[in-house]
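One structure is given below, encoded as structure tokens.
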Amino acid sequence: MPINNQFMMEGHEVLKRVQEVQEKFHKEDTDTFINELRDSIAGYTLGFELVNVNKHGFDCKLSEKDECYLEVKSASFIANSWQATFNDTTLEKAEAFKDEKVYLALAVWKDASDLIFICYGQNPLIGEFLEEKIKWFKAGNTVRSTQSISLSTLVFKYGFKILAVNRTKEEVLSLLRLRNKTFNKLTIDSIISLDEFKGIKNNK
């Protein structure tokens, strides 16, 4: 395709604004900047107060006092499948997912900043799944240590919840059913609105 000059000029103006924010907060690496920003948004939405600014470890922590952690995975709305992908996971991290204080979130984004919904929860079977896949890789059965868990598996096998963020519960349910007929058996009561989630947090 020929270079689109209008796209290039308008896109460059956006990147200049991003650069200003990067320089202000000393977040010069662009990939790290985007990851930390999205992790912060997803974590904050779920009630976590701290974000990990290092490359290793879990992405968020509930608070200084509470040893509860969150791993955030992101998926694009237009991707062929919505799934949590783990790259180069270690046996140590797989073991950590067996702990009831380690949560997983799959945030689905439309474009750069529109967070549609978050699928989140905790299940020790995820740690066992990751451990099995890592051992399979170490035995020489695959060329890359990458593990993926689909959104439907998170919901129906591991019991994860779905939090509607920038859409209504009805809109999220419709999007899920359009994407995968497996979600036809999901009811509206299985999806939590942002207001409902805030009420649950306030009552704890």
Side-chain angles (χ1 to χ4, degrees), residues 27 29-64 66-109 115-163 165 176 179-183 185-186 190:
K27 309 287 183 182
D29 184 88
T30 304
D31 288 342
T32 302
F33 168 79
I34 295 295
N35 288 336
E36 184 181 328
L37 178 57
R38 283 187 161 185
D39 290 347
S40 297
I41 293 170
Y44 180 82
T45 303
L46 292 173
F48 286 74
E49 297 177 1
L50 305 175
V51 66
N52 185 0
V53 296
N54 298 315
K55 290 187 176 181
H56 303 289
F58 293 108
D59 297 313
C60 296
K61 185 181 177 186
L62 190 60
S63 67
E64 287 283 1
D66 199 319
E67 296 290 328
C68 183
Y69 298 90
L70 178 70
E71 178 82 355
V72 180
K73 302 296 182 183
S74 293
S76 170
F77 177 73
I78 63 170
N80 291 330
S81 62
W82 295 332
Q83 56 187 15
T85 300
F86 300 79
N87 295 315
D88 303 319
T89 302
T90 63
L91 286 172
E92 181 183 14
K93 199 162 190 178
E95 186 66 26
F97 273 101
K98 299 178 185 179
D99 192 314
E100 63 180 11
K101 290 192 173 183
V102 175
Y103 284 75
L104 174 65
L106 174 59
V108 176
W109 299 81
L115 179 55
I116 300 176
F117 65 86
I118 303 173
C119 178
Y120 71 97
Q122 192 281 331
N123 193 314
L125 291 177
I126 290 177
E128 294 181 15
F129 165 80
L130 294 173
E131 183 179 63
E132 179 183 332
K133 291 296 184 181
I134 293 167
K135 289 179 178 178
W136 177 262
F137 164 73
K138 287 182 176 294
N141 294 295
T142 60
V143 295
R144 187 180 179 189
S145 177
T146 300
Q147 303 83 35
S148 296
I149 305 175
S150 69
L151 176 67
S152 59
T153 299
L154 290 173
V155 172
F156 296 113
K157 181 176 180 179
Y158 297 126
F160 276 37
K161 306 295 184 184
I162 292 180
L163 172 62
V165 181
L176 291 170
R179 175 56 64 100
N180 189 332
K181 63 182 181 182
T182 306
F183 286 105
K185 58 186 177 183
L186 194 71
S190 302

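- Contact check on Lys98 versus Glu95 returns a salt bridge, with a Lys/Arg side-chain nitrogen under 4.0 Å from an Asp/Glu carboxylate oxygen.
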*asked:* For Glu71 and Lys93: C-alpha separation, side-chain torsions, deciding distance, then whether side chain to side chain contact (heavy atoms under 4.5 Å, CB included) applies.
replied: CA-CA 11 Å; Glu71 178 82 355; Lys93 199 162 190 178; 3.2 Å; yes
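- A heavy-atom distance below 4.5 Å is not found between the side chains of Gln83 and Thr153.
- Between Tyr158 and Ile149 the shortest heavy-atom distance is CE1-CG2, 3.9 Å.
- Looking only at side-chain heavy atoms (C-beta outward), Trp82 and Ser76 stay at 4.5 Å or farther from each other.
- Ring pair Phe156/Phe183 is tilted by interplanar angle, where 30° to 60° counts as tilted.
- Between Leu106 and Leu151, some side-chain heavy-atom pair lies under the 4.5 Å cut-off.
- Asp66 places no side-chain N or O within 3.5 Å of a backbone atom of Leu62 that could act as its donor or acceptor partner.
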*Starting from the C-alpha separation in whole Å, work towards a yes-or-no answer on side chain to side chain contact (heavy atoms under 4.5 Å, CB included) for Ile126 and Leu154.*
CA-CA 9 Å; Ile126 290 177; Leu154 290 173; 4.2 Å; yes
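- Within the 4.5 Å cutoff, the side chain of Ile118 has heavy atoms near those of the Leu46 side chain.
- Atom-to-atom distance recorded for Ser152:OG and Lys181:NZ is 12.0 Å, nearest 0.5 angstrom.
- Using a distance-only test at 3.5 Å, with no hydrogens or angles considered, no donor-acceptor pair links the side chain of Arg38 to the main chain of Val72.
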*Just do the side chain to side chain contact (heavy atoms under 4.5 Å, CB included) check on Ile116 and Val165 with the steps written out, would you?*
CA-CA 5 Å; Ile116 300 176; Val165 181; over 6 Å; no
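- The distance from atom CD1 of Ile134 to atom CD of Glu92, rounded to the nearest 0.5 Å, is 10.5 Å.
- Between Glu131 and Lys133 there is no salt bridge, since no side-chain nitrogen of the basic residue lies less than 4.0 Å from a carboxylate oxygen of the acidic one.
- The distance from atom OH of Tyr120 to atom OH of Tyr103, rounded to the nearest 0.5 Å, is 9.0 Å.
- Here the two rings, on Phe86 and Phe129, have centers that are 6.0 Å apart or farther.
- A distance of 11.0 Å separates CG of Leu125 from CD of Glu132, quoted to the nearest 0.5 Å.
- Distance check, rounded to the nearest 0.5 Å: SG of Cys60 to CG of Leu50 gives 8.5 Å.
- Aromatic ring centroids of Phe97 and Phe58 lie under 6.0 Å apart.
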*From CA spacing to verdict: side chain to side chain contact (heavy atoms under 4.5 Å, CB included), Asp39, Tyr44*: CA-CA 8 Å; Asp39 290 347; Tyr44 180 82; over 6 Å; no
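- Contact annotation: the side chain of Thr85 never approaches that of Lys73 to less than 4.5 Å [non-hydrogen atoms, C-beta and beyond].
- A heavy-atom distance below 4.5 Å is found between the side chains of Glu36 and Val51.
- With sequence neighbours excluded, the residues that form a side-chain contact (heavy atoms from CB on, under 4.5 Å) with Glu67 are Lys61, Tyr69.
- At least one donor-acceptor pair closer than 3.5 Å links the side chain of Asn52 to the backbone N or O of His56.
- Minimum heavy-atom separation, Ala84 to Leu104: CB-CD2, 4.5 Å.
- Asp99 has its side chain within reach of Val102: a pair of non-hydrogen atoms, C-beta onward, lies under 4.5 Å apart.
- Separating the NZ atom in Lys135 from the CG atom in Leu130 is a distance of 12.0 Å, to the nearest 0.5 Å.
- Side-chain contact between Leu186 and Ile162: present, with at least one pair of heavy atoms (C-beta onward) separated by less than 4.5 Å.
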